[in-house]
Amino acid sequence: MSQFRVEAKSRDEQYKKMMSVLETYRAEPSDPSSALKAARMRSLFNGYRLTQAYKEETKVAYVVEQFPNEIVFGFNMLSWNMESMAILLAQTVNVDPFINLTQEKSLSRDICSFLRGSLGVMLANGYPNPDLVMVNDQPCDCLAKVGNMSSKLYDCTFLSINTPNQINEDTLAYLVEQLKKLIADIESTLNIPFDEELFRQVVQYSNEARDYYCKTVELNKTYELPGVSRELLEIFGMNGFGLKENVQICKTLYEEALEMSKQSDPNKKKKRILWAGQAPHNDHELIRYFEQQVEIVYWAPLWEANLVSLDPEDPLTSIAERAILYHWNAKRLKENISQVCTSFHIDGVVISNIWGCRNMMGISSMIREMSGEQGLKYLTISVDYVDKNNYAFNHVKNRIDAFLEIMSD
């Protein structure tokens, strides 16, 4: 693995390879969120961004989950979330060849298959060549390692920021200095200036989208809104806050949720479960099976950090605060998930342990403890949404049935 380098092919060739993979399978979605106009807008925009990333003139930055993309957009760069792109493939095509390729290159099967999927596509030369790779070290430390490995695969600059676990004046100042250095390093690496005026516009767009996002969250607390919680998860995963198009997506979702709320009877709702951990795609058999009896509320888009707006007068400090909030601090996470369960009137919790995810396994006991304190039913399932060698529905069906039965009591 350490001796491997991605072949120096053009982005045009890489694009053709990616398209040939995506064209092999086109599933017709049947999930509730597919009826949302916001979901269709997001899908189209993601397709546009994917296409733009393969153009030779586009500056592409590989980033990790929850990276402060406002800084990326301040350079008019395109952010390429390594893990999310692998998830996209897992949702639409057979990723076995990519997973097998990582094993051929001696990558351990014991790490998260989402990350192995990312590396597999890189090894197959299906991602566009990055101009640089940037990571922060939360919430997934393994993803930061994948970023470092990818910079070596493509022989490009690797930049990282270290995020403290606690929020105070010193840690904020420490992180703000790192962000300033990050900006200077990008300028030096790409030989392009940071556009302060563009950055101010990016911050404004980020806040506008966040406002609609938060108002949608508030509606979802009270009303059963089919597909809305899932779309909040997808918007969170896209991490497009700072883009003008994301403002329209979030606005459209809010308007749809508002109209749905007018037709919803808060006294006639399914019981609610909180999905903690990575989620399979909307039309996955697990999701379809659960939704026959309960409403799923996804926890990830409700993390405290997702609801933080940026201070236009001091955006870097706001970005630093948000980055620390994204850190998986057990005490903060427990307080957040407890508050979410209360405000969303949650009846039960599903803890989804993904193969190889040390972080999720580490906080599972905290979630079970919180569930016990609140008198909530909870279920832990160990699954793998990418590598089919590690998952079969029948392995978890009996436990799900037992959980749903006690939920119906």
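Of the inter-residue distances, the one linking I319 atom CD1 with I161 atom CD1 reads 9.0 Å to the nearest 0.5 angstrom. Note that CG of N136 is 11.5 Å distant from CD1 of I324, once rounded to the nearest 0.5 Å. Taken from CG in L175 to NZ in K180, the straight-line distance is 11.5 Å, to the nearest 0.5 Å. If you take CG on L219 and OG on S264, they are separated by 10.0 Å, rounding to the nearest 0.5 Å. Here the CD1-CD1 distance, from I287 to I296, works out to 4.0 Å after rounding to the nearest 0.5 Å. L316 CG to I183 CD1: the interatomic distance, rounded to the nearest 0.5 Å, is 5.0 Å.
A side-chain N or O of E208 and one of Q204 form a donor-acceptor pair less than 3.5 Å apart. A donor-acceptor contact closer than 3.5 angstrom links the side chains of D314 and T317. Q374 and S338 share a side-chain donor-acceptor pair at under 3.5 Å.
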List the atom pairs, donor and acceptor, that lie under 3.5 Å between side-chain atoms in residues 67-77 and the rest of the protein, sequence neighbours left out.
{"unit_1": "N69", "atom_1": "ND2", "unit_2": "S79", "atom_2": "OG", "d": "3.4"}
{"unit_1": "N69", "atom_1": "ND2", "unit_2": "N239", "atom_2": "O", "d": "2.9"}
{"unit_1": "E70", "atom_1": "OE1", "unit_2": "R322", "atom_2": "NH2", "d": "2.7"}
{"unit_1": "E70", "atom_1": "OE2", "unit_2": "S206", "atom_2": "OG", "d": "2.8"}
{"unit_1": "E70", "atom_1": "OE2", "unit_2": "R322", "atom_2": "NH1", "d": "3.0"}

Expected list for residues 299-310: side-chain donor-acceptor pairs under 3.5 angstrom, two or more places apart:
{"unit_1": "W299", "atom_1": "NE1", "unit_2": "N336", "atom_2": "OD1", "d": "2.9"}
{"unit_1": "N306", "atom_1": "OD1", "unit_2": "Y326", "atom_2": "OH", "d": "2.5"}
{"unit_1": "N306", "atom_1": "ND2", "unit_2": "A300", "atom_2": "O", "d": "2.7"}
{"unit_1": "N306", "atom_1": "ND2", "unit_2": "P301", "atom_2": "O", "d": "3.3"}

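Scanning all heavy atoms of the two residues, the minimum distance from G147 to F158 falls at C-CE1, 3.6 Å. The minimum heavy-atom distance between A53 and P128, with the atom names listed, is O-CB, 3.5 Å. Between A124 and L101 the shortest heavy-atom distance is N-CD2, 3.5 Å. When every heavy atom of I367 is checked against every heavy atom of A276, the shortest pair comes out as CD1-CB, 3.8 Å. Minimum interatomic distance between A320 and L179 (heavy atoms only, all atoms of both residues): N-CD1, 4.1 Å. Scanning both residues, P226 and E224, for their nearest heavy atoms gives CD-O, 3.5 Å.
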### Trace of the salt bridge (Lys or Arg N to Asp or Glu O under 4.0 Å) decision for E245 with R42
CA-CA 9 Å; E245 293 83 356; R42 174 185 49 77; over 6 Å; no
### side chain to side chain contact (heavy atoms under 4.5 Å, CB included) between V133 and T157, worked out
CA-CA 6 Å; V133 179; T157 299; over 6 Å; no
### Task
Please step through side-chain hydrogen bond (donor to acceptor under 3.5 Å, both in side chains) for the pair K181 and Q178, ending with a clear verdict.
CA-CA 5 Å; K181 184 178 186 303; Q178 287 190 74; over 6 Å; no
### Message
Show, in sequence, the C-alpha distance, side-chain angles and deciding distance for L274 and Y298, and conclude whether the side chain to side chain contact (heavy atoms under 4.5 Å, CB included) test is met.
### Response
CA-CA 6 Å; L274 188 73; Y298 294 94; over 6 Å; no
### Worked check of salt bridge (Lys or Arg N to Asp or Glu O under 4.0 Å) between E291 and R230
CA-CA 12 Å; E291 288 186 334; R230 180 69 198 208; over 6 Å; no
### Query
Stepwise, does the side-chain hydrogen bond (donor to acceptor under 3.5 Å, both in side chains) test hold for E256 with T252?
CA-CA 6 Å; E256 290 184 290; T252 301; over 6 Å; no
### Query
Step by step, would you call L143 with V135 a side chain to side chain contact (heavy atoms under 4.5 Å, CB included)?
CA-CA 8 Å; L143 186 52; V135 306; over 6 Å; no
### Message
Between N162 and Y174, is the side-chain hydrogen bond (donor to acceptor under 3.5 Å, both in side chains) condition met? List the steps.
### Response
CA-CA 9 Å; N162 171 252; Y174 166 73; 3.0 Å; yes
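In this structure, Y48 and F45 have parallel ring planes: the angle between them is below the 30° cut-off, well short of the 60° mark.
Inter-residue side-chain proximity for V297 and I346 is flagged as met; some heavy-atom pair is nearer than 4.5 Å. Looking only at side-chain heavy atoms (C-beta outward), E231 and L225 stay at 4.5 Å or farther from each other. A 4.5 Å side-chain heavy-atom check between T222 and H345 finds every atom pair outside the cut-off. N353 is not listed as a side-chain neighbour of V383, based on a closest heavy-atom distance of 4.5 Å or more. Counting only heavy atoms from C-beta outward, the side chains of F194 and I186 never approach each other to under 4.5 Å.
For the pair R116 and F98, the cation-pi criterion (under 6.0 Å, within 45° of the ring axis) is not fulfilled. By the 6.0 Å and 45° rule, R272 does not stack over the aromatic ring of F344.
Put simply, the side chain of S343 gets close to the backbone of Q339: a donor and an acceptor are under 3.5 Å apart. Here the side chain of H327 pairs no donor or acceptor atom with the backbone of N329 at under 3.5 angstrom. Panel note: side chain R49, backbone L78; no donor-acceptor pair is recorded below 3.5 Å. Proximity of a side-chain donor or acceptor of Q52 to a complementary backbone N or O of T58 within less than 3.5 Å is not detected. Side chain of Y127 to main chain of M82: a donor-acceptor pair is present (N/O by atom type, distance under 3.5 Å, no hydrogens or angles). Judged by distance alone, with hydrogens and angles left aside, the side-chain atoms of D131 form a donor-acceptor pair with the main-chain N or O of V60 at under 3.5 Å. A donor-acceptor pair is defined here as one N or O able to donate and one able to accept, closer than 3.5 Å; such a pair exists between the side chain of Q14 and the backbone of N129. No donor-acceptor pair closer than 3.5 Å links the side chain of Q166 to the backbone N or O of T171. When atom types are taken as modelled, the side chain of R200 and the backbone of P312 share no donor-acceptor pair closer than 3.5 angstrom. With R399 contributing its side chain and T380 its backbone, the two residues share a donor-acceptor pair below 3.5 Å.
Under the 6.0 Å cut-off for aromatic ring centres, F403 and Y378 do not qualify, their centroids lying 6.0 Å or more apart. For Y289 and F393, the distance between ring centers is under 6.0 angstrom.
Residue K215 qualifies as enclosed at atom NZ: its count of foreign heavy atoms under 6.0 Å is above 12. More than 12 non-hydrogen atoms from other residues, nucleotides or ligands lie less than 6.0 angstrom from CD of E285. Counting heavy atoms of neighbouring residues, nucleotides and ligands inside a 6.0 Å radius, atom NZ of K221 exceeds 12 of them. Within 6.0 Å of OH on Y154 lie more than 12 heavy atoms contributed by other residues, nucleotides or ligands. Under a cut-off of 6.0 angstrom, the local environment of NZ in K377 is sparse, with at most 12 non-hydrogen atoms contributed by other residues, nucleotides or ligands. Within 6.0 Å of NZ on K270 lie more than 12 heavy atoms contributed by other residues, nucleotides or ligands.
Residues satisfying the ring pair (Phe, Tyr, Trp, His ring centres under 6.0 Å) test with Y212, not counting sequence neighbours, are none.
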